[in-house]
Amino acid sequence: MKAYKVVLFIFAVIALLGVLCMVFPQDGLQVGSLDLRFPTLSEVLSPADEAEMPEESPEELLRKRLEEMRMQQEAEYMRFFRENPARIHFPDDSIALFDPLFAALDSARTHPMRILHYGDSQIEEDRITNMLRDELQDRFGGSGVGLVPVIQTIPSMSVGQSCDADLPRYMVFGSQDMRAGHRRYGIAGQFVQLDTTVTVRFFSRPVDVAPQHARYFDRLTLLVGNVDETLHVSVSQAGDKTVQALSEGLKLLEFDMPDSTRRAVMTMSGYAELYGVLLDGETGVSVDNIPMRGCSGTVFTGMDKNILRTFCRQKNVRLLILQFGGNSMPYMKTEKQLSAYKSGIIRQINYLKQVAPDACVLFIGPSDMTTRVKGVMQTYPMLPAMVDALKEAAFACGAAYWDLYSAMGGHNSMQAWVKAVPPLASSDHVHFTRLGAEKIGDMFYKSLMLYYDYYRFRNGDTQYLENVELETDTVGK
């Protein structure tokens, strides 16, 4: 074919395509299931150079998206801290109050730290404490049940023990005839007077009873004071130790045990005051359950300051939990009585802050409690006012407050806990069952850990936060 004919053919095709661009519908043609489209003449003659690009660079866009995610995450935290009934209340909303505690938890695997949980009969048998301890030890390391008395009159679900002699016991709480005539009650508010030779045995509870980490310990520590002449102590698999005369203060006798010990036998001979025994791991977190049956929480000023201070310093106590109020509730009738109780609690917290200046303090108020009012079981009339008064007392001392009454449901909630299947509270409408206590301990732990997670969040630990799934909506429900 001649060249001019090829050129004419090309121009003819272009002309036909131009006509087609002009006459083809802009919205296209529908032929059966096919949607036919053809560019317009303006699109052919003036094509766009490039699609419109965003003004932001990829780096700027990524920073913006990450900041939006951070703001959303922070908003979830703050919503929990403002609204959730299971939140922890801080004076002046100072969420950073527990930062020293959280820093201690982070370093617990190399620098062991301790939490003391004081309370009334609501925490007997290691209830509530056991759940908090087990979950903290699972996350931050540690083992062992912590502090136990030399003679245990109320069995613990976490450790069993026996003593082959009936030694005199003295307590700063309870019946007046149990008082010692002095203030050397030890860290647990009680002691045993040793004046002979005695053997004490400790052993783990069965797997289906004791929490996982409480069943093992690597170190046994005897707390003693007021030693007359010589005290001899022998611990199976750990050796012997002797203490010479000690007229005042606290002495800690530590015995290193084989790894994951589940039982120990300790024999003592001499004259001394025995303040208790610690069954701990070598590292991690220890949480002591210290129940004081019948106590209102106003006895700490009757305990020796030097003994308390020595223990808290040597064992790195970083949190004091005080759980009281329930024993005073039935007798609370007037605002004057409530005001006096509030003042008493303020004195106790301030006293404890003096003996343990490195420890944070958290007060847990009473649970819901019901009584008959005009023939109907309902919440004690003064209970909400007591919750407010105890929160004010904690705040006045720079301490935090956990509102157990609101966390469990508030007004008349105890009835629902009693009627639950299986029951979560006993028929006295005051105490939790073991299952109910586990629920409370777990709820408190999860609430505390949200503040810990936010501590890490505020400190920009993004690697840690990538593995944290916020569960604020599951706490307190």
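Everything numeric in this text was worked out from a predicted model, so none of it was measured. What's counted below: heavy atoms across the whole structure, side chains too, no hydrogens, waters or symmetry copies.
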Using a 4.5 Å cut-off on heavy atoms from C-beta on, say whether the side chain of [Y] contacts that of [X].
X      : Y      : answer
Asp288 : Thr129 : no
Val376 : Arg372 : no
Tyr170 : Gln193 : yes
Trp417 : Met408 : yes
Met386 : Tyr380 : no
Ile307 : Tyr275 : yes
Phe202 : Met266 : yes
Leu147 : Ile187 : yes

Could you tell me the separation between the [atom1] atom of [X] and the [atom2] atom of [Y], rounded to the nearest 0.5 Å?
X      : Y      : atom1 : atom2 : answer
Ile115 : Leu362 : CD1   : CG    : 10.0 Å
Thr433 : Lys439 : OG1   : NZ    : 10.0 Å
Leu231 : Gln244 : CG    : CD    : 9.5 Å
Met78  : Glu83  : CE    : CD    : 10.5 Å
Leu136 : Leu448 : CG    : CG    : 6.5 Å
Asp453 : Phe102 : CG    : CZ    : 9.0 Å

Item checked: With Arg293 via salt bridge (Lys or Arg N to Asp or Glu O under 4.0 Å) - residues at least two apart -> Glu124
I need the minimum non-hydrogen distance between [X] and [Y], along with the two atoms involved.
X      : Y      : result
Gln137 : Gly144 : NE2-O, 3.3 Å
Asp218 : Gly281 : OD2-CA, 4.1 Å
Ala180 : Phe191 : CB-CE2, 3.6 Å
Met414 : Ala425 : SD-CB, 3.4 Å
Ser447 : Arg87  : OG-CA, 3.9 Å
Leu390 : Gly365 : CD1-CA, 4.5 Å

Is a side-chain donor or acceptor of [X] paired with a backbone partner of [Y] at a separation under 3.5 angstrom?
X      : Y      : value
Ser286 : Asp280 : no
Gln122 : Phe432 : yes
Tyr351 : Met303 : yes
Thr261 : Met257 : no
Ser158 : Ala214 : no
Gln378 : Thr371 : no
Asn289 : Ile123 : yes
Ser269 : Thr197 : no
Arg79  : Glu76  : no
Trp402 : His89  : no

Margin query: Looking at Lys353, I'd like to know if its NZ atom is crowded, meaning that more than 12 non-hydrogen atoms belonging to other residues, nucleotides or ligands lie closer than 6.0 Å.
Written below: yes
Item checked: Other residues, nucleotides, ligands: >12 heavy atoms within 6.0 Å of Asp428 CG -> yes
Do [X] and [Y] have a side chain donor and acceptor closer than 3.5 Å?
X      : Y      : answer
Asp240 : Ser234 : yes
His232 : Thr242 : yes
Thr267 : Thr199 : yes
Ser94  : Asp92  : no
His411 : Asp368 : no

Notebook entry, point to check: So Gln161 and Arg201, side chain to side chain contact (heavy atoms under 4.5 Å, CB included) or not? Walk me through it.
Noted result: CA-CA 5 Å; Gln161 62 189 96; Arg201 292 173 170 81; over 6 Å; no
Next item on the list: Using the six-membered ring wherever Trp is involved, compare the ring planes of Tyr452 and Phe140 and label them parallel, tilted or perpendicular (cut-offs 30° and 60°).
Entry: perpendicular
Notebook entry, point to check: In terms of the angle between their ring planes, are Phe457 and Tyr77 parallel, tilted or perpendicular, with boundaries placed at 30° and 60°?
Noted result: tilted
Notebook entry, point to check: Which is it for Asp93 and Arg82 under the salt bridge (Lys or Arg N to Asp or Glu O under 4.0 Å) test, yes or no, and what are the steps along the way?
Noted result: CA-CA 9 Å; Asp93 294 325; Arg82 288 192 308 267; over 6 Å; no
Hey, are [X] and [Y] close enough for a salt bridge, meaning a charged N less than 4.0 Å from a carboxylate O?
X      : Y      : result
Arg133 : Asp126 : yes
Arg205 : Glu125 : no
Asp358 : Arg313 : no
Arg219 : Asp256 : yes
Asp106 : Arg456 : yes

Checklist line | Verdict with supporting geometry, Tyr271 and Leu194, side chain to side chain contact (heavy atoms under 4.5 Å, CB included) | finding: CA-CA 5 Å; Tyr271 183 95; Leu194 175 70; over 6 Å; no
Notebook entry, point to check: Between Met449 and Arg139, is a side chain to side chain contact (heavy atoms under 4.5 Å, CB included) present by the stated rule, with each step listed?
Noted result: CA-CA 10 Å; Met449 285 300 98; Arg139 187 164 186 173; 3.3 Å; yes
Notebook entry, point to check: Among Val224, Val200, Ile151, Leu223, which residue meets the side-chain contact (heavy atoms from CB on, under 4.5 Å) test with Leu274?
Noted result: Val224
Next item on the list: Would you please test Phe324 and Tyr341 for side chain to side chain contact (heavy atoms under 4.5 Å, CB included) and show each step?
Entry: CA-CA 11 Å; Phe324 295 101; Tyr341 183 53; 4.1 Å; yes
Margin query: Less than 6.0 angstrom from the centroid, inside 45 degrees of the normal: does Lys391 satisfy that with respect to the ring of Phe363?
Written below: no
Note to self: By the definition ring pair (Phe, Tyr, Trp, His ring centres under 6.0 Å), identify the one residue from Tyr451, Tyr454, Tyr401, Phe395 that meets it with Phe90.
What the structure shows: Tyr451
